[in-house]
Amino acid sequence: SSMQFAPASGMRLINQHQVQSLQGGAQILLKYGIPTTAPGNIASISWRVKHSVSERFDAKYFIGLIGVVGQQNGRRQYRSQYGITGGKRTVIEGDCETVDDNYEKYKKGSTVTVEYEFGRNSSTLRFQYDSKAYSMQLPATNCKWYPAISLRDRGDVCELSN
C-alpha cells in the first residue's frame with residue numbers, strides 16, 4: 001500500500017499526498033499503520049514529510065508515530081506518541097515533551113525523511129533533514145504504529161512522499 005493520509009476532522013485532503021489544516025492545532029495520521037513485527041524480510045520502511053508553514057514555526061509542528069492499541073465505539077484508542085517537533089530541541093517520547101540537546105530542529109520548509117527500523121526487542125525511529133540526523137528507540141509494545149503529523153495554523157499544508 002502507498003503512503004497516504006486518512007481523512008481527519010479539521011483537515012482537508014488536497015490529494016492522497018497533501019493535506020491542509022482548516023483550523024489551528026490539527027493532527028492527522030496516515031491511512032495505514034506499521035505492524036510491530038517486520039513483514040517478511042523487510043528491515044525498515046521510510047517516508048518523507050514536508051510542512052509548508054503559513055506563519056511561525058515552533059513545537060506545535062510534529063512528525064512521528066502514534067501508537068494505537070485498538071478501537072472503542074469506532075474511535076481509535078491511543079497509547080503514546082514519539083517524534084520530533086519544529087521547536088528548539090523539543091522531542092516527544094511517550095506522552096512527554098522533552099528537551100534533548102542531541103536534537104537540532106528541522107527548518108521551516110525542510111523535507112524530513114522518517115525511517116522506521118524493525119527490531120527484535122524494540123524498534124528505532126530515525127529522522128534525516130537539513131544534513132542532520134536524529135534517532136530514538138521505541139518501546140516494545142502491542143500497539144500498531146501510525147505515522148502522524150501535526151499542523152499549527154489554519155492554511156498550513158503538509159506533503160507526503162515515499
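In this view, K88 satisfies the side chain to side chain contact (heavy atoms under 4.5 Å, CB included) rule with no residue, not counting sequence neighbours. Residues passing the side-chain hydrogen bond (donor to acceptor under 3.5 Å, both in side chains) test with Q20, sequence neighbours excluded: R12. Residues satisfying the salt bridge (Lys or Arg N to Asp or Glu O under 4.0 Å) test with E117, not counting sequence neighbours, are R126. With sequence neighbours excluded, the residues forming a side-chain hydrogen bond (donor to acceptor under 3.5 Å, both in side chains) with Y116 are S123, listed by chain and number. Not a single salt bridge (Lys or Arg N to Asp or Glu O under 4.0 Å) links R89 to another residue, sequence neighbours left out. Scanning for side-chain hydrogen bond (donor to acceptor under 3.5 Å, both in side chains) contacts around R152 gives D58, with sequence neighbours left out. In this structure, the ring pair (Phe, Tyr, Trp, His ring centres under 6.0 Å) partners of Y103, at least two apart in sequence or on a different chain, are Y134. By the side-chain hydrogen bond (donor to acceptor under 3.5 Å, both in side chains) test, Q137 pairs with S122, T124, sequence neighbours left out.
The shortest heavy-atom contact between G33 and Y146 is N-CE2, 3.3 Å. Nearest heavy-atom pair, G109 versus K50, reported as atom, atom and distance to 0.1 Å: O-CE, 3.1 Å. The minimum heavy-atom distance between R48 and T113, with the atom names listed, is CG-OG1, 3.4 Å.
In this structure, CD1 on I84 lies 14.5 Å from OH on Y61, to the nearest 0.5 angstrom. Rounding to the nearest 0.5 Å gives a distance of 13.5 Å between CG of L151 and NZ of K60. Here Q27 contributes atom CD and C158 contributes atom SG; the two are 11.5 Å apart, rounded to the nearest 0.5 Å. In this structure, CD on Q128 lies 10.0 Å from OG on S135, to the nearest 0.5 angstrom. Taking CG of L125 as the start and CD of E93 as the end, the distance is 10.0 Å to the nearest 0.5 Å. For the atom pair M11 CE and I28 CD1, the distance stands at 5.0 Å (nearest 0.5 Å).
With hydrogens and angles disregarded, a donor-acceptor distance shorter than 3.5 Å links the side chain of D100 to the backbone of N102. Under a 3.5 Å cut-off, the side chain of N15 and the backbone N or O of Q18 do form a donor-acceptor pair. Judged purely by atom type and a 3.5 angstrom limit, T85 uses its side chain to pair as donor or acceptor with the backbone of T90.
Under a hydrophobic clustering in which Ile, Leu, Val, Met, Phe, Trp and Tyr are joined whenever their side-chain heavy atoms come within less than 4.5 Å, directly or via other members, I34 and L30 fall into the same cluster. Under a hydrophobic clustering in which Ile, Leu, Val, Met, Phe, Trp and Tyr are joined whenever their side-chain heavy atoms come within less than 4.5 Å, directly or via other members, I149 and W47 fall into the same cluster. By the rule that hydrophobic residues join a cluster once side-chain heavy atoms approach within less than 4.5 Å of another member, I45 and L65 end up as members of one cluster.
Other members of the cluster containing F62 are I92, with ILVMFWY side chains joined at under 4.5 Å, either directly or via other members. Through direct or indirect side-chain contacts shorter than 4.5 Å among Ile, Leu, Val, Met, Phe, Trp and Tyr, V99 is connected to no other residue.
Ring pair Y106/Y129 is perpendicular by interplanar angle, where above 60° counts as perpendicular and below 30° as parallel.
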Exercise. Checking side chain to side chain contact (heavy atoms under 4.5 Å, CB included) for the pair I14/E159: CA distance, chi angles, key distance, verdict?
Worked result: CA-CA 10 Å; I14 297 170; E159 183 175 341; over 6 Å; no
